[in-house]
Amino acid sequence: MDQREEIEWRQLTEAEVQQLERQGCTATDWSEVQLSGSVDMTRLTSVTFVGYVRLGSIGGTVDVEALHCGMPSQISRTTLHDVTIGNSPFIQDVGFLGHYTVGDHFVAMRCGRITGQTDGGGHFGIGEQVSVVNEGGGREVLLSAHLNSNIAWCLAMHRYVPGLVRGYERLVAKEMEGLEAEIGDDVSILGTHTIGGVRIGSGTTIDGAVELSNGTIVSAPGQSTKVGPGVTARSFVFAEGAEVTDGAQLTRCFVGQCATVADGYSGEDIL
């Protein structure tokens, strides 16, 4: 997504604005809506543009797994607010999508609010303290996208090695610098009520979640991370290939690589 900084953006022509208005689109300021690449204007219908909105190419088809078919790239019945969206999106019936940089082939359907911001701030779960082993505190481990079971064990069980703890804390502080609200390529978000302040890695599928806030979802080709129905997660990190589904309720939790959390599991301060 860093390449998107080099893209040349252009404003809409007067004819394009008039066409969008005929198709039910509105904007707080049309001069703040910018395009790049080839955009089939007929594929933008009933879209509300608020603030700066940048759109990549819109045309061709995109694979929509929920419909088991390819669909024409389009944006319809959606509010966009201060957002940059990559090439070939399929966005339909999303109440609010804003404050994100979104990658290519993004699919979002029947969602409520998807925003890169959280009410209480936060750094996408990075740096949150997880009080493990001792409920009274003293063995806290900071959440990180690079955490794994070995590191967590060393930090929680070897507090008598202050250099180890301080070194890890410096790495986490460095990780927190410059974090931005991003959604990677080939991400699907379906039937989800609320997402706030969550960094979402490429290939992630979120289907039917209730609330995800202040978190990081790490995902990679061949190790796609999945979040399923009924999930509520606050201040969390999900690693590559993890699957969190079936009404799981998580607060200040790390779910490791390829781990599955399901069947209504409820956890707080868990690694």
Side-chain angles (χ1 to χ4, degrees), residues 1 65 103 105-107 122-133 139-158 164-165 167-177 179-190 192 195 197-271:
M1 283 183 289
E65 185 177 348
H105 314 123
F106 175 62
V107 175
H123 293 84
F124 311 102
I126 307 302
E128 290 286 334
Q129 289 190 344
V130 181
S131 299
V132 294
V133 183
R139 295 182 181 270
E140 293 82 6
V141 175
L142 304 184
L143 286 179
S144 166
H146 308 292
L147 191 63
N148 59 41
S149 59
N150 294 331
I151 295 173
W153 171 264
C154 289
L155 292 169
M157 306 306 293
H158 294 79
L164 171 68
V165 177
Y168 176 75
E169 290 174 346
R170 286 195 296 268
L171 291 174
V172 173
K174 184 69 174 178
E175 182 182 356
M176 292 168 63
E177 294 178 3
L179 287 177
E180 297 181 359
E182 295 181 332
I183 297 175
D185 299 330
D186 302 299
V187 170
S188 295
I189 304 177
L190 312 170
T192 293
I195 294 177
V198 179
R199 284 170 58 91
I200 304 173
S202 295
T204 298
T205 297
I206 302 171
D207 189 354
V210 175
E211 178 190 349
L212 305 176
S213 62
N214 188 32
T216 292
I217 300 175
V218 185
S219 186
Q223 284 190 309
S224 297
T225 303
K226 296 178 172 58
V227 181
V231 171
T232 297
R234 303 182 180 98
S235 300
F236 65 90
V237 173
F238 298 158
E240 301 95 323
E243 183 171 357
V244 182
T245 187
D246 297 336
Q249 311 286 310
L250 304 176
T251 301
R252 292 184 302 279
C253 287
F254 176 86
V255 179
Q257 289 183 334
C258 300
T260 297
V261 175
D263 298 328
Y265 177 87
S266 178
E268 183 172 329
D269 290 291
I270 301 292
L271 303 176

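- No option in V255, V231, T232 other than V255 meets the side-chain contact (heavy atoms from CB on, under 4.5 Å) test with L250.
- In this structure, L142 and L147 approach most closely via the heavy-atom pair O-CD2, 4.4 Å.
- Between R252 and Q129, the shortest heavy-atom contact is CD-O, 3.4 Å.
- Applying the side-chain hydrogen bond (donor to acceptor under 3.5 Å, both in side chains) rule to pairs touching residues 234-244 yields E211-R234, N214-S235, E240-Q257, sequence neighbours excluded.
- Minimum heavy-atom separation, L179 to H123: CD1-O, 3.7 Å.
- Remark: S144 OG to I126 CD1 distance equals 5.5 Å, nearest 0.5 Å.
- Side chain of Q249 to backbone of G247: a donor-acceptor contact under 3.5 angstrom is found.
- Closest approach of A242 and G256 over heavy atoms only: CB-O, 3.6 Å.
- If you take OG1 on T205 and CG on L190, they are separated by 7.5 Å, rounding to the nearest 0.5 Å.
- With contacts defined as side-chain heavy-atom distances shorter than 4.5 Å, the pair I200/F106 does not qualify.
- Donor-acceptor pairing under 3.5 Å is recorded for the side chains of H105 and D186.
- With hydrogens and angles disregarded, a donor-acceptor distance shorter than 3.5 Å links the side chain of S202 to the backbone of D185.
- When the options I206, V218, I217 are evaluated for a side-chain contact (heavy atoms from CB on, under 4.5 Å) with T225, the one that passes is I217.
- Side-chain N or O atoms of Y168 include none that pairs as donor or acceptor with a backbone N or O of V141 at under 3.5 Å.
- Contact annotation: the side chain of T245 never approaches that of K226 to less than 4.5 Å [non-hydrogen atoms, C-beta and beyond].
- Within the structure, every pair that satisfies the ring pair (Phe, Tyr, Trp, His ring centres under 6.0 Å) test and touches residues 200-252, not counting sequence neighbours, is listed here: F236-F238.
- Within the 3.5 Å criterion, the main-chain N or O of S131 finds a donor-acceptor partner in the side chain of D269.
- We find the CG-CG distance between L155 and L271 to be 9.0 Å, quoted to the nearest 0.5 Å.
- Residues satisfying the salt bridge (Lys or Arg N to Asp or Glu O under 4.0 Å) criterion with D207, sequence neighbours excluded, are absent altogether.
- A209 and V227 make their closest contact through CB-CG1, 4.2 Å (heavy atoms, listed as atom of the first residue, atom of the second, distance).
- Looking only at side-chain heavy atoms (C-beta outward), F254 and V130 stay at 4.5 Å or farther from each other.
- With a 4.5 Å cut-off on side-chain heavy atoms, M176 and F124 do not count as touching.
- Across all non-hydrogen atoms, the minimal contact from A262 to D246 is CB-OD2, 3.8 Å.
- Within the 4.5 Å cutoff, the side chain of S224 has heavy atoms near those of the S219 side chain.
- Of the residues listed (V172, T216, V237), the one engaging L143 in a side-chain contact (heavy atoms from CB on, under 4.5 Å) is V237, and it is the only one.
- Looking at heavy atoms from C-beta onward, L164 lies in side-chain contact with C154 at the 4.5 angstrom threshold.
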